[in-house]
Amino acid sequence: MDTKELLKKVRKIEIKTRRLSDHIFSGEYHTSFKGRGMTFSEVRQYQFGDDIRAIDWNVTARYNEAHVKVFEEERELTMMLMVDISGSESFGSKNQFKREIVTEIAATMAFSATQNNDKIGLILFSDQIELYIPPKKGRSHVLRIIRELIEFEPKSYKTDIAQALKFLSGTQKKKAIVFVISDFMSGDYEQTLKIASKKHDITGIRVYDIREEKMPNLGMVSMIDAETGETRLINTGSKSVRMNYEKHYQDNVNYFKETFSKSGSGVVNTRVDESYVTKLLGYFKSR
């Protein structure tokens with residue numbers, strides 16, 4: 001992709017997702033994800049209805065008049081976007097690829113965090129860490145994240161969510177709001193998620209395509225495995241082949257839902273042809 005085309009794409013995504021984050025998500029995001037605690041702001045005169053536990057007795061004695069301490073929420077947070085860019089993310093059957101929707105969701109989250117003056121970092125992963133952008137603030141930083149989401153080409157096409165979560169735990173020492181965006185066609189990450197979720201506020205956003213759920217009966221078909229690059233001849237006419245495929249798919253979906261719920265992490269499921277806006281708003285409101 002040439003620079004002009006890339007900038008055009010970045011601008012298009014910025015306009016769409018910024019509008020969403022400005023008008024819809026920033027308030028919900030702020031309400032859903034609290035700051036690290038309360039920090040002292042000032043002392044003022046006691047007013048009727050104030051909590052007597054907030055009275056500053058030293059200042060009250062000095063002025064011979066009741067004064068209370070005022071606290072503010074320590075708002076600044078760090079958001080980490082963990083985005084799966086393995087081969088299966090390139091799948092799409094209804095006008096949009098999963099990766100395009102993933103990019104839009106990540107950009108919307110990033111702009112929502114920016115509205116709240118939070119830092120945003122990015123981890124792009126396959127079965128290895130493909131790219132790490134440390135958390136920073138500002139529009140230009142978010143635009144860099146969007147550029148990478150659009151054009152970054154992974155070295156590997158496999159998926160290892162456990163590896164990505166290990167990296168998160170190793171790099172983020174303070175509590176962060178974490179969105180793991182993937183199709184979660186991978187297993188064996190229960191333990192690493194359990195460890196990471198003790199420190200961080202994690203949400204798994206599963207982006208999937210309806211055509212992945214079932215294998216159509218098309219007879220003998222030559223198929224390429226997006227994550228291994230292998231081409232194999234598959235007999236889709238075989239009922240047992242179709243059933244095995246569906247079971248494998250459903251096992252991964254169930255593992256994702258159960259593992260995230262068990263660790264106390266959030267779960268969002270959104271299909272490429274559905275409104276992710278509705279799904280995310282519903283999720284924020286339910287927190």
Side-chain angles (χ1 to χ4, degrees), residues 33 36 76-90 98-99 101-110 112-114 118-138 141-208 226-229 252 255-268:
F33 302 101
R36 277 193 289 270
E76 186 184 288
L77 294 165
T78 294
M79 177 194 281
M80 285 305 301
L81 296 167
M82 294 178 62
V83 181
D84 177 359
I85 54 167
S86 62
S88 59
E89 292 306 313
S90 300
K98 280 191 286 185
R99 186 160 172 183
I101 299 295
V102 164
T103 299
E104 284 188 21
I105 291 171
T108 303
M109 295 292 97
S112 297
T114 298
D118 293 342
K119 293 177 181 174
I120 305 108
L122 177 70
I123 297 169
L124 296 181
F125 69 92
S126 53
D127 62 344
Q128 60 191 56
I129 302 306
E130 297 278 354
L131 177 72
Y132 171 57
I133 299 178
K136 261 175 74 177
K137 293 182 185 183
H141 180 67
V142 173
L143 293 181
R144 186 200 163 188
I145 284 172
I146 296 171
R147 276 200 308 274
E148 297 293 1
L149 285 163
I150 291 169
E151 70 163 1
F152 192 90
E153 288 297 327
K155 294 179 192 75
S156 172
Y157 289 95
K158 296 176 184 177
T159 313
D160 188 340
I161 291 163
Q163 190 69 25
L165 289 166
K166 259 184 217 164
F167 182 81
L168 170 79
S169 295
T171 52
Q172 304 308 309
K173 299 303 177 192
K174 287 182 180 173
K175 181 180 176 176
I177 295 164
V178 181
F179 292 100
V180 186
I181 313 173
S182 172
D183 57 10
F184 293 93
M185 287 295 110
S186 162
D188 203 22
Y189 50 82
E190 184 175 359
Q191 203 51 41
T192 42
L193 179 63
K194 199 174 167 185
I195 294 163
S197 62
K198 278 180 182 165
K199 189 195 288 183
H200 305 296
D201 186 336
I202 302 176
T203 300
I205 303 177
R206 185 174 77 94
V207 180
Y208 66 103
E227 300 214 349
T228 64
N252 276 320
Y255 180 78
F256 158 66
K257 289 177 182 173
E258 286 162 19
T259 305
F260 268 73
S261 299
K262 215 190 287 178
S263 72
S265 302
V267 170
V268 179

Pairwise distance NE2(His200) to CE(Met82) - rounded to 0.5 angstrom: 9.5 Å

Are Ile195 and Leu165 close enough, and set up right, to give a side-chain contact (heavy atoms from CB on, under 4.5 Å), and what steps lead you there? CA-CA 9 Å; Ile195 294 163; Leu165 289 166; over 6 Å; no

Taking side chain as C-beta onward, heavy atoms only, is Ile161 less than 4.5 Å from Leu193? no

Separation between CG (Leu124) and CD1 (Ile181), nearest 0.5 Å, reads 10.0 Å

For a quick test of reading the model, state the closest non-hydrogen atom pair linking His141 to Lys136 and the distance between them. CD2-O, 3.2 Å

Which label fits Phe184 and Phe260: parallel for a plane angle under 30°, tilted from 30 to 60°, or perpendicular past 60°? perpendicular

Between Ala106 and Val83, the two heavy atoms sitting closest are CB-CG2, 4.5 Å

Rounded to the nearest 0.5 Å, how far does CD1 of Ile205 lie from CG of Asp84? 13.0 Å

How long is the straight-line distance from CG of Asp201 back to OG1 of Thr203, given to the nearest 0.5 Å? 5.5 Å

Once rounded to the nearest 0.5 Å, what's the spacing between atom CD1 of Ile145 and atom OG1 of Thr103? 12.0 Å

Rounded to the nearest 0.5 Å, what separates atom OH in Tyr208 from atom CG in Asp183? 12.0 Å

Inspect the surroundings of NZ in Lys199 and state if more than 12 heavy atoms from other residues, nucleotides or ligands are less than 6.0 Å away. yes

Minimum heavy-atom separation for Gln128 to Ser156, with atom names? OE1-CB, 4.1 Å

Just by distance, do the side chain of Arg99 and the backbone of Ser86 share a donor-acceptor pair under 3.5 Å? no

Validation row: Thr78, Lys174 side chains within 4.5 angstrom (heavy atoms): no

Say whether, by atom type as modelled, one donor and one acceptor occur between the side chain of Lys173 and the main chain of Gly170 under 3.5 angstrom. yes

Mind listing the closest non-hydrogen atom pair of Lys98 and Val207 along with its distance? CD-O, 3.3 Å

Over all atoms of both residues, closest heavy-atom pair of Ile120 and Val142: CD1-CG2, 4.0 Å

Looking at side-chain heavy atoms only, is the closest gap between Thr159 and Phe125 below 4.5 Å? yes

With distance as the sole test, does Glu130 use its side chain to make a donor-acceptor pair with the main-chain N or O of Lys155 at under 3.5 Å? yes

Worked check of side-chain contact (heavy atoms from CB on, under 4.5 Å) between Ser261 and Val267: CA-CA 7 Å; Ser261 299; Val267 170; 4.0 Å; yes

Check for a donor-acceptor pair, side chain of Ser197 on one end and backbone N or O of Ser263 on the other, with a separation under 3.5 Å. yes

Would you please test Tyr189 and Lys166 for side-chain contact (heavy atoms from CB on, under 4.5 Å) and show each step? CA-CA 10 Å; Tyr189 50 82; Lys166 259 184 217 164; over 6 Å; no

Within the side chain of Tyr255, is there an N or O that forms a donor-acceptor pair under 3.5 Å with the backbone of Glu190? yes

Can you check whether Leu77's main-chain N or O pairs, donor with acceptor, with Asp118's side chain at less than 3.5 Å? yes

Counting only heavy atoms from other residues, nucleotides and ligands, does the tally under 6.0 Å from NZ of Lys194 exceed 12? no

